Structures are given as C-alpha cells and as structure tokens.
Amino acid sequence: MKMRRLCLLLVAVLAAVTGVVALPVSSAFAASAPPSSTGQRWALKVNGLYVAAEVNDSGDQNGKLRARSTSVGSWETFSLHTDNISGVGYGTTITLRNEENGLYVTSEISTTGSQAGMLRARGTNTGSWERFYVVPQSDGTYALKSAANGLYVTAEFNYTGGDQGLLRARSSTVGSWERFTFEKVGGTGDTAAPPASPVKASGRHDIASWNLCANNNTSAACKLQYADADTVASGVAGDLAGSLGHRPEAVFFQEICEKAVKPLELQLESRLGGGWDVRFAPTYYKVVDADGSTDPTLMAQKTCMDSTSGTDRGSFGIALAVKDTNTWYRGYTLPSPAGKEQRPALCATVPEDGTVYCDAHLSSGHYLDANGKEAGDDPDGTKRKEQAAALRSIVDGLQGAGYTAFYGGDLNTTTADVSYLDTLYSGHQECGQATPDAAHTGAPTDGNNKIDYIFGPVGPSYGCEVVDPGLSDHRVIHATVTF
C-alpha cells in the first residue's frame, strides 16, 4: 500500500508539472472505498454462517455470494448504501458494497438454471439489479427482496461443492434460508478514546472550511456538479493553493463524494506540499422497511449521483484534511430529522501539535423549492440546536484528553438565527468575531448569507477572511489563530 501511495504521489507531482490533472488509478483502487472512510460496515449471517463474496472465482462466478464462513474478514464485510429513486427518494432500498473488491452486489436475473438470480459483488454502479427491499421478520432477522425480480434472497444450503450456500433471489416466501441477521463490524473510525495529548497547542494555527457543492446541486455556481473524482481533486487543491497562497494545517470539506477523497489527498500533497491525511464520513438515511416504517437499526449511506461520464462516485458526505501525523479519527452521526439526511460530524487528532479538528454539516434550514413548498430539513431550527449540542459534547470530550479544538463547517445557520448555535460559543470564539463577546457577524459565505463557521478557544488572537475560488456556491472561510 505504501508503494502504491508513493507511485500515485509521483504521478500527481508529474501531473502538476505537465498540466495533466488525471490520475491513472487502477480499476480496483478506483472501485474501492478509501481506507479513510468512516462508513459503517456490516456482516450478513444466515443459519449461523456469514456471507462471503468469492472474489477469487473467475469468469461469471467471480464475486458470487455464499453463506459459508464462520468468521468475518474483508470478503464477509459489506457497507450499506441507498441511491435516489425518481419520485420516491432515498432510503426505500439498500445496496450492498463488498469491502474486499469495492463492488456492489447484483441480482443476476438473466442467469438461468440452478444459478438463476444468484448474487454477485460485481456492480460498478447502482440500479434496479443492485437494489433490495428490507423486510423485517418477527424474530429480529431480515428478508431481502430483490428490486429486480421481486423475489426473496435464499441461501442454498442443499447445494454442494462450490455452490454450497449460494445466495439467489428466487423465493416467493420467507423461511429459515431467507432470514438474515445484520451484524455491525466497525467502520466509524477509531472506537477507543484518543490517547492524551502530549503537548499543548501554541504558535499560529491555520484552518479553512469549504462546502464544495460537488454532488448534484443545480446552481450555476456549482462547477463540480457531477464531476469525476480527479476533476474534483485537481480543481479543489489547485484553487485552494491559488486562493490561500499557502498550506493550511487543516481543511473542513462538505458536500464531497467519497471516491474523490484519495485523489484529493494526493493533489493536496502535490499542490500544497507536505503529507496529508484526508478522512471521510458519510451522510446516512434511515432505511425504510418494506412496510413503509423507518427501521430502528439500519442506516444506509447516501450515494452520490453518478458523474457525467457515468462513473460511480461513492457515498456523499464530508471530509477532513489534516497532517498525516494524524493518529486518531472518528465519524459521528448527529441527531437529525426523521426521514431526512442523517448528518455527519468527523474529528481527527494531531498529537504533535496538541490539536483536534472537528468538521460538521448540519441540517438545512428554511427554504422553498421551485413549487413554493418547504424544502428545508429543519425549518424551525429544532434539530440544528440538538446537532450543535451534540457537536459540542464531542468536542468537550476530546478537549478532556488535553487537545485544543478547532471545529466548524457548514452549519446551515445564518447570523439572524445564530442562537441555534449557542452551545458552540460557550467558552469559545468564532472566526469573524472581533472578541468573544462581539456580535456574531462575518462576511457572507453562501450568497448574501454567512452559514459557514470556524471556532477555536478563547484567548488567542484571530484573523478571518472569506475568499471565493469560484468552484462552488459557497466561499472558503479561512481562520488564523495565534496563541
């Protein structure tokens, strides 16, 4: 992995010199989730055995799913995703992505004979063959119904040899072979608390935050709408280098697609110098069961819309770029409105500087759609108050380990409604405030509104600027904090 990273970094440097911005990433690497993704992982179990993707099989057997393992490794690990169904939205179906090969599980409904409807981890995009309805059972298990043919997934325990335990979408009823258990197997980042900070933060600190608008925002200002990973990486890193004129120590990103994360890390190293880690946390939707109710347990990562060239861009969420001396990171899901996006936060420590950084994207406030209907997830601010309190609780816990915290992001709250964020201000200061007790003002970051924030401790001197690289409907907010 280190050799691959060095090779890709060399390619990125050469690209910066020659003006060629595309990174020749291998197909397997491009398909996979970045190692720094904090998206929840799951194992599926039926009749006491875990489901594995047979990634070593060849031809049309490659990636077929079988219930045959007694322990969990990367072949038995999956992430849950949900994509937009026209007129329905997100969360009504799930798609499984295998950890080993980074590909989506497909129902092979065109296959005939004893393997008709078999499941294979081989899809590079999500569509009807990759979608499954979740049907909870009275014993706490789940049945999976293929959206491609309307049939339940069965584990064929009466098969022998290489097909023993083969998963097929072929049953019209639910019995013991159709009952699956979902087991969490990590994926939120480091689960233990970070070790105590060895030093106290001092000197000058430099943090930026930028909503990239890089999914499917139709605003003319969103130049990265449907952009592929390399375009996002080269554009963002290049514009940051040009706008800031130097390397910040941390950057908070919102509205970014997962598969742009690793190319962005390499481009930051090329354009801004030094070593970087870029971590990712997905936005979730609570899974809607087949009866229309919200499942109390399962959440699926929101999938970005495909690029203009038709490539999958992975999950939608936030990213946090810090020094590669980062030793601990974790993703969090903030309290969010039911049936809406379950918003993320993401934190990472840099012990050598005594610092921790937390990025967040809060629920959208009041706005009307093209038909004049309320389109905001949290029009009255109720959930944003809860989200701010949850973020502050996370920050306080990390400060308890001796770290100096810098936090913020797109908090979707204007200065007129800044009282929703009161818990973030207590004992801290915002970039844009002349003093801790000054009015909550600052240059607009989104149209005529300020909705992007950076907070730090009370005591140091603050500098704050807002710059517009021109790629997004948001501008970059940039803080310098000197102790």
Side-chain angles (χ1 to χ4, degrees), residues 201 203-212 236 240 243-256 272 278-279 281 318-323 334 343-350 353-362 384 387-388 391-392 394-396 398-399 403-415 417-418 420-446 449-469 472 474-483:
R204 184 178 185 271
H205 294 267
D206 193 319
I207 306 97
S209 182
W210 193 11
N211 182 313
L212 300 179
V236 169
L240 278 177
S243 298
L244 301 182
H246 67 282
R247 173 200 164 116
E249 68 188 59
V251 187
F252 306 159
F253 296 107
Q254 305 85 41
E255 295 193 27
I256 186 172
L272 292 170
V278 182
R279 308 300 190 181
I318 63 176
L320 176 56
V322 295
K323 294 180 180 179
L334 301 173
R343 296 299 182 111
L346 177 61
C347 300
T349 62
V350 178
D353 293 335
T355 51
V356 61
Y357 308 89
C358 293
D359 179 19
H361 190 193
L362 303 193
R384 278 171 288 163
Q387 291 168 345
L391 177 60
R392 181 57 191 269
I394 293 166
V395 168
D396 286 350
L398 295 168
Q399 290 184 140
Y403 293 93
T404 295
F406 300 98
Y407 56 97
D410 178 357
L411 305 187
N412 266 320
T413 303
T414 68
T415 52
D417 295 322
V418 75
Y420 300 158
L421 308 178
D422 277 352
T423 52
L424 299 179
Y425 283 91
S426 176
H428 287 72
Q429 186 171 342
E430 176 208 338
C431 161
Q433 283 182 289
T435 67
D437 298 322
H440 305 307
T441 60
T445 60
D446 177 25
N449 294 312
K450 172 184 166 58
I451 62 174
D452 301 89
Y453 297 78
I454 296 174
F455 293 86
V458 171
S461 62
Y462 279 72
C464 193
E465 65 173 344
V466 172
V467 296
D468 188 4
S472 173
H474 284 243
R475 305 172 189 93
V476 176
I477 183 169
H478 175 219
T480 54
V481 184
T482 305
F483 287 82

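Since the model is a prediction, treat every value here as computed from it, not as a measurement. For this chain, numbers begin at 1 and follow the sequence in order.
Here the side chains of Y407 and L424 are in contact, with some heavy-atom distance below 4.5 Å. When side chains are defined from C-beta on, L334 counts as touching L362, because their heavy atoms get closer than 4.5 Å. Side-chain contact between V418 and Y425 is present, with heavy atoms from C-beta onward closer than 4.5 Å. Counting only heavy atoms from C-beta outward, the side chains of V236 and F253 approach each other to under 4.5 Å. When side chains are defined from C-beta on, F406 counts as touching P457, because their heavy atoms get closer than 4.5 Å. A 4.5 Å side-chain heavy-atom check between V395 and Y357 finds every atom pair outside the cut-off. Under the 4.5 Å side-chain criterion, counting only non-hydrogen atoms from C-beta, K450 is in contact with I477. Using a 4.5 Å heavy-atom threshold, the side chains of T355 and H205 count as touching.
In this structure, L346 CG and I318 CD1 are separated by 5.0 Å, a value rounded to the nearest 0.5 Å. Interatomic distance, CD1 of I454 versus SG of C464, reported as 6.5 Å (0.5 Å rounding). Here C347 contributes atom SG and D359 contributes atom CG; the two are 8.5 Å apart, rounded to the nearest 0.5 Å. The OG1 atom of T480 lies 10.5 Å from the CD atom of E249; values are rounded to the nearest 0.5 Å. Rounding to the nearest 0.5 angstrom, the gap separating the NE2 atom in H246 from the CG atom in L272 is 9.0 Å. How far CG of D446 is from CG of N211: 7.5 Å, rounded to the nearest 0.5 Å.
Remark: R247 engages no residue in a salt bridge (Lys or Arg N to Asp or Glu O under 4.0 Å) (not counting sequence neighbours). Every side chain to side chain contact (heavy atoms under 4.5 Å, CB included) that T414 has, sequence neighbours left out, goes to A416, D417, N449, I451. Partners of P444 under the side chain to side chain contact (heavy atoms under 4.5 Å, CB included) rule, at least two apart in sequence or in another chain, are R475.
Listed for the R343 side chain is no donor-acceptor partner under 3.5 Å among the backbone atoms of Q387. Formation of a donor-acceptor pair under 3.5 Å by the T445 side chain with backbone atoms of D452 is found in this model. Not one N or O on the side chain of E430 forms a donor-acceptor pair closer than 3.5 Å with the backbone of Q433. Put simply, the side chain of W210 gets close to the backbone of H474: a donor and an acceptor are under 3.5 Å apart.
H478 and D206 share a donor-acceptor pair across their side chains, judged by distance under 3.5 Å alone. In this model, a donor atom of one side chain and an acceptor atom of the other lie less than 3.5 Å apart for S209 and Q254.
Listed here is the closest heavy atom pair of G408 and F252: N-CE1, 3.6 Å. Minimum heavy-atom separation, L411 to A360: CD2-O, 4.2 Å. For the pair H361 and N412, the tightest heavy-atom approach, listed with the atom from each and the gap, is NE2-ND2, 3.6 Å. When all heavy atoms of A201 and G354 are compared, the pair lying nearest together is CB-O, 4.0 Å.
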**Report entry** Worked verdict on L391 versus C358 for side-chain contact (heavy atoms from CB on, under 4.5 Å)
**Finding:** CA-CA 8 Å; L391 177 60; C358 293; 4.3 Å; yes
Query raised in the report: For V467 and L244, what are the C-alpha separation, side-chain angles and deciding distance, and is it a side-chain contact (heavy atoms from CB on, under 4.5 Å)?
Result: CA-CA 8 Å; V467 296; L244 301 182; 4.2 Å; yes
